[in-house]
Colleague: 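After the structure tokens below, expect a handful of questions from me.
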Amino acid sequence: MKVNHVLSTSQFSDTRLLERLFALADEMESRNTDQKLFQSLQGKILATVFYEPSTRTRFSFEAAMHRLGGRVISTESASQFSSMTKGETLEDTIKIIAGYSDAIVLRHPEEGSAARAAKVSRVPIINAGDGSGEHPTQALLDLYTIRKELGDVRGKRIALMGDLRYGRTVHSLINLLILYEGVEIILVSPPELRLPEVYQQLLSTHGIPFTEHPHLSPITHDLDVVYMTRVQRERFVDDAQYQKVRNSCVLDARNLVYLSPHTIIMHPLPRVNEIHPSIDADPRATYFRQAQNGLFIRMALLELLFEQKFLEQETLSQHNPAVMPAQKRT
Ligand code: NCD
């Protein structure tokens, strides 16, 4: 039997699969409005294993599973409460948890960890963030949000702003944006946090025009989406380096003037100081609706996954940076 792991958004190279997922997410939203529990995943157990902190990803996966009639086993902080503290390898931990559950949602600080887990797991592994590698389900809900808010992804001018180097959500989102015609990317970051070469190459290979800028300015005009990110402090070896760049990409009343009335402002959250709370009341502020969409996308994903009609492991395409050895990354 083939196992349907979700390790990287490069697995979603067919937009028909994305459309199927999004249609089901729409349906989940309308079902959810009735506040009813469903039985489609009755008898299934989802394990959520997080070695790094999480609010949205873990709660929305767990809520999704409960809403669909399934059950959840979880550890509040795997780095503290799993046998890792006794020296157990990730592989051994996964093999054991796979024996107790029907799918595993894994967040781990090492890039490539989800792929390592998938190698030894007899149940699907869902990558909920592998270091600064990828965070595929976040990107699925991000793309769903763009489509829902703007009607289409094609032809959109999208600014990706902040920590493009370590921000795994940006990496996963780029794998999806390259599938859409007419998309243009504006990369906004300090030089220290530039988008890794492998993703710049990917944009070029797919003929997606992109430019790099240190700040939002009149040059970066007429944007449809501004996708903000947090500077990933936990990835810096030297905190002084973090202090140097921590305020480099901030959205406040001053640079809001560079946005059009129709621009949507997104952020995977949590935010630190990238978006001033005074912007929350602006109708363009989309980030809380975006987080809510995470529930519907994860409900849809789990249902498709358990129906076994979904991704085949073999569909992992060649360009998948998540399965590249870490030393090859820039
Ligand atoms: C993101 C992550 O964990 O990569 N959070 C999330 O899942 N919504 C973004 C971040 O932590 O900055």
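Counting convention: from 1, in listed order, for ligands and their atoms alike. For the numbers below, each heavy atom of this structure counts, side chains included, while hydrogens, waters and symmetry mates do not.
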Colleague: Using side-chain contact (heavy atoms from CB on, under 4.5 Å) as the criterion, list what pairs up with S54, not counting sequence neighbours.
Modeller: F50, T57, R58, R107
Colleague: Which ligand 1 atoms, with their elements, are less than 4.0 angstrom from a heavy-atom of T169?
Modeller: 1 (C), 4 (O)
Colleague: Short list, please: which atoms of ligand 1 are under 4.0 Å from a heavy atom of R107?
Modeller: 3 (O), 7 (O)
Colleague: Name the option, out of R56, R58, R230, E52, that contains the heavy atom nearest to atom 11 (O) of ligand 1.
Modeller: R230
Colleague: In sequence, state the C-alpha distance, the side-chain angles, and the governing distance for H206 and L177, and then conclude on side chain to side chain contact (heavy atoms under 4.5 Å, CB included).
Modeller: CA-CA 10 Å; H206 285 79; L177 293 176; over 6 Å; no
Colleague: Do L164 and I178 sit in the same hydrophobic cluster, where Ile, Leu, Val, Met, Phe, Trp and Tyr count as joined when their side-chain heavy atoms come under 4.5 Å apart?
Modeller: yes
Colleague: Donor-acceptor pair, distance only, cut-off 3.5 Å: does the side chain of S60 make one with the backbone of R56?
Modeller: yes
Colleague: Through direct or indirect side-chain contacts below 4.5 angstrom among Ile, Leu, Val, Met, Phe, Trp and Tyr, which residues connect to Y166?
Modeller: L193, V231, F236, Y242, V245
Colleague: For T57, take its heavy atoms, then give the atoms of ligand 1 lying under 4.0 Å from any of them.
Modeller: 6 (C), 7 (O)
Colleague: Yes or no: does P270 have any heavy atom under 4.0 Å from an atom of ligand 1?
Modeller: yes
Colleague: What atoms of ligand 1 come closer than 4.0 angstrom to any heavy atom of L269?
Modeller: 1 (C), 5 (N), 6 (C), 8 (N), 9 (C)
Colleague: Given R168, which of E234, E134, E52, E111 fulfils the salt bridge (Lys or Arg N to Asp or Glu O under 4.0 Å) condition?
Modeller: E52
Colleague: Note the single closest protein heavy atom to atom 3 (O) of ligand 1, along with its residue, its atom name and the distance in Å.
Modeller: R168 NH2, 2.9 Å
Colleague: Consider every N or O of E234 and every N or O of ligand 1, then say whether any pair is closer than 3.5 Å.
Modeller: no
